[in-house]
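Everything on this sheet refers to the single structure shown next.
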Number of protein chains: 2
Amino acid sequence: MEIVNSGRYDRSVETQRIDPVNCSVARALAVVGERWSLLIVREALDGARRFGEFRARLGIASNLLAARLDTLVAAGVMRRVPYQEPGDRQRFEYHLAEQGHDLRPTLVALLEWGDKYLADPEGPSVIVRHRPADDDTACEEPVRVVLECAAGHTRLPPEALYRAPGPGARFLGPAEA
Amino acid sequence: MEIVNSGRYDRSVETQRIDPVNCSVARALAVVGERWSLLIVREALDGARRFGEFRARLGIASNLLAARLDTLVAAGVMRRVPYQEPGDRQRFEYHLAEQGHDLRPTLVALLEWGDKYLADPEGPSVIVRHRPADDDTACEEPVRVVLECAAGHTRLPPEALYRAPGPGARFLGPAEA
DNA sequence: CTCCTAGGTTTATTTCTTCAACTCAGCAGC
DNA sequence: GCTGCTGAGTTGAAGAAATAAACCTAGGAG
């Protein structure tokens, strides 16, 4: 029953535990909802790649960091990439895979929420800005996350949404509302 | 060697634990990063209000549900509201506060990510749609989360962002990037 | 030959989850 | 007025996970 890939426990994508509803939010949380996972991804998005870098930035215990990196690699969020400093042996660093980059909106949303309700009295410690690409204007403006529907209505307020069943819907509970 | 800042981070809620960096993401996760919190908020956004409703939908143990609801109420994400069914004693139900509604973008982002990478073979089980308001067109189109900068550039890809220090920035680690 | 360093393991202790059983207050039926 | 039922929780034991700290390992430097 153990799906162990390289270390002790795994239960990453096959959790069976925290997936009481057939919902992608639950499945996403099964992968990145563990205690340090999103913070690791955040640091990776900010450029961290090496074990010690994550460790120093986050203050996480090394065994937990190792376990979380294993989970994230197994889930395809990060890749384990060998490198070799001149005059040193081969080691590994951890790069974000596409899946990891795609967590950016989630993290921006969380950051925004935290800034709004839990900010430091001095203000936010981090601002996400628009990095100008080659042909783009050099805007550097702060970035926010907005909800937009396929018809083009944008900046929808949270109340303007509702959940509708999709093709994979499965109603297992008694009270469906 | 441990960089963990000794005792300066009690000001927010009761975190104490997962706030190694002065960052709103970490603080947000201290509030809603516990194992069931976001799922509870999701159900609340979908209309759940009563203890038993959350319990039936999520399959969570009742003591944990009670504990999480307490945490969410203490953090201001939900409100505990008395109600009384005719011919029954007073009980409490749990309504989302504004803070809770503002988690919607985070949940949509997570849903989108889960749909992209972990979806059911049959497709997503839930689609978030635009609910038409009174004066609005009845669009009902699916909703996505997009990144938009203050200069109006919208649908930014994840790579187009970078983290810049804000007013409350505090650099405690060695490598700042 | 020993020390240093990055990148981890191992181990012991504390804390959190889970599951199951139990409480509590009011109502309904007998 | 006693029994049982229901929704909303508490309590307690057992297992899993988090934490902290010590330990290991492979190569290079002194």
Side-chain angles (χ1 to χ4, degrees), chain A residues 1-4 6-12 14-20 29-30 33-40 48-73 78 80-95 174-175, chain B residues 1-6 14-20 26 29-30 33-37 39-40 48-73 78 80-94 174-175:
Chain A
M1 137 162 33
E2 294 299 19
I3 312 161
V4 182
S6 63
R8 299 148 304 283
Y9 71 97
D10 183 3
R11 85 174 201 73
S12 58
E14 293 268 332
T15 140
Q16 212 78 359
R17 190 87 47 71
I18 194 175
D19 192 7
L29 286 173
E34 287 177 301
R35 214 177 281 277
W36 292 92
S37 305
L38 278 176
L39 292 174
I40 291 170
R49 330 206 110 176
R50 300 199 180 163
F51 194 91
E53 236 176 328
F54 288 107
R55 201 164 132 55
R57 292 189 187 201
L58 293 171
I60 182 177
S62 53
N63 56 348
L64 262 195
L65 176 56
R68 285 293 105 85
L69 287 172
D70 278 356
T71 304
L72 291 171
V73 168
M78 303 189 83
R80 193 162 188 260
V81 178
Y83 75 97
Q84 189 156 23
E85 290 285 316
D88 208 346
R89 75 172 144 144
Q90 187 186 63
R91 298 173 194 279
F92 291 92
E93 52 186 18
Y94 299 87
H95 296 193
Chain B
M1 177 64 178
E2 249 1 303
I3 311 229
V4 177
N5 36 22
S6 38
E14 37 120 32
T15 113
Q16 213 101 351
R17 192 83 45 66
I18 192 175
D19 192 7
L29 286 172
E34 288 177 301
R35 214 180 276 279
W36 292 92
S37 306
L39 292 174
I40 292 170
R49 332 206 107 175
R50 302 202 179 160
F51 194 91
E53 235 175 327
F54 289 106
R55 203 162 132 54
R57 293 189 187 201
L58 294 172
I60 181 177
S62 54
N63 55 349
L64 258 198
L65 176 56
R68 287 297 168 273
L69 287 172
D70 279 357
T71 304
L72 290 171
V73 168
M78 305 189 83
R80 193 161 187 261
V81 179
Y83 75 97
Q84 189 155 23
E85 291 285 316
D88 208 345
R89 78 173 142 139
Q90 187 188 63
R91 297 173 195 279
F92 292 92
E93 52 186 17
Y94 299 87

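Labels below follow one simple rule: chain letters A, B, ... track the order of the sequence lines, proteins then strands, and each chain is numbered from 1. Only a predicted model underlies this, so the values are computations on that prediction, with no experimental measurement involved.
Partners of B:Gln84 according to the side chain to side chain donor-acceptor pair (under 3.5 Å) rule, which considers only residues two or more places apart in sequence or in another chain, do not exist here. Listed by chain and residue number, B:Glu34, B:Trp36, B:Ser37, B:Ile40, B:Leu64 satisfy the side chain to side chain contact (heavy atoms under 4.5 Å, CB included) test with B:Arg68 (two or more places apart in sequence, or in another chain). Remark: A:Gln90 engages no residue in a side chain to side chain donor-acceptor pair (under 3.5 Å) (not counting sequence neighbours). In terms of the salt bridge (Lys or Arg N to Asp or Glu O under 4.0 Å) criterion, residue partners of B:Arg91 (sequence neighbours excluded) are, by chain and number, B:Asp88.
Within the 4.5 Å cutoff, the side chain of A:Arg49 has no heavy atoms near those of the A:Tyr83 side chain. Counting heavy atoms from C-beta outward, B:Phe51 and B:Leu65 have side chains that approach closer than 4.5 Å.
Closest approach to the B:Ser62 side chain among C:dT9, C:dT17, D:dG9 is made by D:dG9 (side chain taken as heavy atoms from C-beta onward). Comparing C:dG8, C:dG7, C:dA21 by their nearest atom to the side chain of A:Arg50 picks out C:dG7.
Heavy atoms only, all atoms of each residue included: A:Tyr94 and A:Met78 are closest at O-CE, 3.8 Å.
Taking atom CG of B:Asn63 as the reference point, atom P of D:dA8 lies 16 Å away to the nearest angstrom. Distance, A:Arg68 CZ to C:dG8 P: 16 Å, rounded to whole Å. Between A:Arg57 atom CZ and C:dG7 atom C1' the separation is 17 Å, expressed in whole Å. Between the CD1 atom of A:Ile60 and the C1' atom of D:dA17 there is a distance of 13 Å, rounded to whole Å. Counting to the nearest Å, the P atom of D:dT6 and the CD atom of B:Glu53 are 18 Å from each other. Distance, A:Leu64 CG to C:dT13 C1': 14 Å, rounded to whole Å. Distance B:Arg49 CZ to D:dG9 C1': 20 Å, rounded to the nearest Å. Going from atom OH of B:Tyr94 over to atom C1' of D:dA8 covers 8 Å, rounded to whole Å.
In this structure, A:Arg35 does not reach the C:dC16 phosphate: none of its side-chain N or O atoms is under 4.0 Å from OP1 or OP2. OP1 or OP2 of C:dT18 sits under 4.0 Å from a side-chain N or O of B:Trp36. Considering only side-chain N and O atoms, B:Tyr83 lies under 4.0 angstrom from the phosphate OP1 or OP2 of D:dA8.
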> Which parts of nucleotides 25-30 of chain D does protein reach within less than 4.0 Å, heavy atoms only, written one letter per nucleotide 5' to 3' as B for base, S for sugar-phosphate only and - for none?
Replying inline: BBSS--
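Here B:Arg80 lies in heavy-atom contact (under 4.0 Å) with sugar-phosphate atoms only.
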